[in-house]
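Just below is one structure, and these are the notes that go with it.
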Amino acid sequence: MHNDIDHVLLHESTIMSRLDAMARDITRDYQGEMPTIVCILQGGIILMADLLRRIQLPLLIETISVASYHGGTLSSGVVSFKQNALPDLKGKHVILLDDILDTGRTLEAIRDRFVNEAGAASVKLCVLLSKKKDRPCEVVAEYVGFEIGDEFVVGYGLDYQGQYRNLPYIGVLKPEAIQRLA
Ligand code: 5GP
Ligand code: MG
């Protein structure tokens, strides 16, 4: 698994100290509230586990499952919800967690449904990574761990063909690993 990595972009210790700071910001911003954290499966699960244990607030946890990449290394642009029912978010202050903001279509589609269909009182976006690029939609995440270049990364929740999510760091795959699993 580690042999397939060309280089590490963000080491585990770097990610952990950034999560400390993000959790402090969230704790400060939601003082007196009980936010509902909605984790986007599967990519957001590692971030959820590590970030939530640092937040010093009462909170609720929900998950939602969507797909937009369908296995490759380029965003398909189509967001499919794997379930019709949305979590109960009526009047709730929601923090939507995902691994990465790429085109922004996934987070935009979910946020729209949370506000318009589920009746959330507010929805803020929190991602570990945000790719520096021109996005087709105007999506800004309120909480961003790191800005990275426009390249395909794996680890810390992010997969290629379902693998590499359990790498404790963020890395870039060797071209031969991409070809082997394609
Ligand atoms: P978006 O809708 O913003 O284009 O991308 C949404 C999803 O695409 C992310 O939640 C993530 O699952 C996947 N994705 C985007 N960029 C990358 C990347 O560099 N690596 C991996 N493994 N997945 C990515
Ligand atoms: Mg994802």
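Position 1 is the first residue of the sequence, and the numbers go up from there. Just follow the structure's listing: the first ligand is 1, and inside any ligand the first atom is 1.
Counting heavy atoms under 4.0 Å from ligand 1, residue T103 touches it through both backbone and side chain. At a heavy-atom cutoff of 4.0 Å, ligand 1 is contacted by the side chain of D99 but not by its backbone.
With T106, V66, I40 as candidates, the residue nearest to atom 6 (C) of ligand 1 on a non-hydrogen basis is T106.
Remark: distances from the non-hydrogen atoms of Y160 to ligand 1 are all 4.0 Å or more. Under a 4.0 angstrom heavy-atom cut-off, G104 registers as being in contact with ligand 1.
Not one N or O of L158 is nearer than 3.5 Å to an N or O of ligand 1, by distance alone. Checked by distance only, ligand 1 and V154 stay at 3.5 Å or farther apart across all their nitrogen or oxygen atoms.
Below 4.0 Å from some heavy atom of K131 lie the following atoms of ligand 1, by number and element: 16 (N), 17 (C), 18 (C), 19 (O).
Using the six-membered ring where Trp is involved, F152 and Y160 have ring planes that are perpendicular, over 60° apart on the 30 and 60° scheme.
Looking only at side-chain heavy atoms (C-beta outward), L97 and L128 stay at 4.5 Å or farther from each other. By the 4.5 Å heavy-atom criterion applied to side chains, D150 and K131 are counted as neighbours. Contact annotation: the side chain of H2 never approaches that of Y164 to less than 4.5 Å [non-hydrogen atoms, C-beta and beyond].
Every residue meeting the side-chain contact (heavy atoms from CB on, under 4.5 Å) condition with D6, not counting sequence neighbours, appears here in chain and number order: K174.
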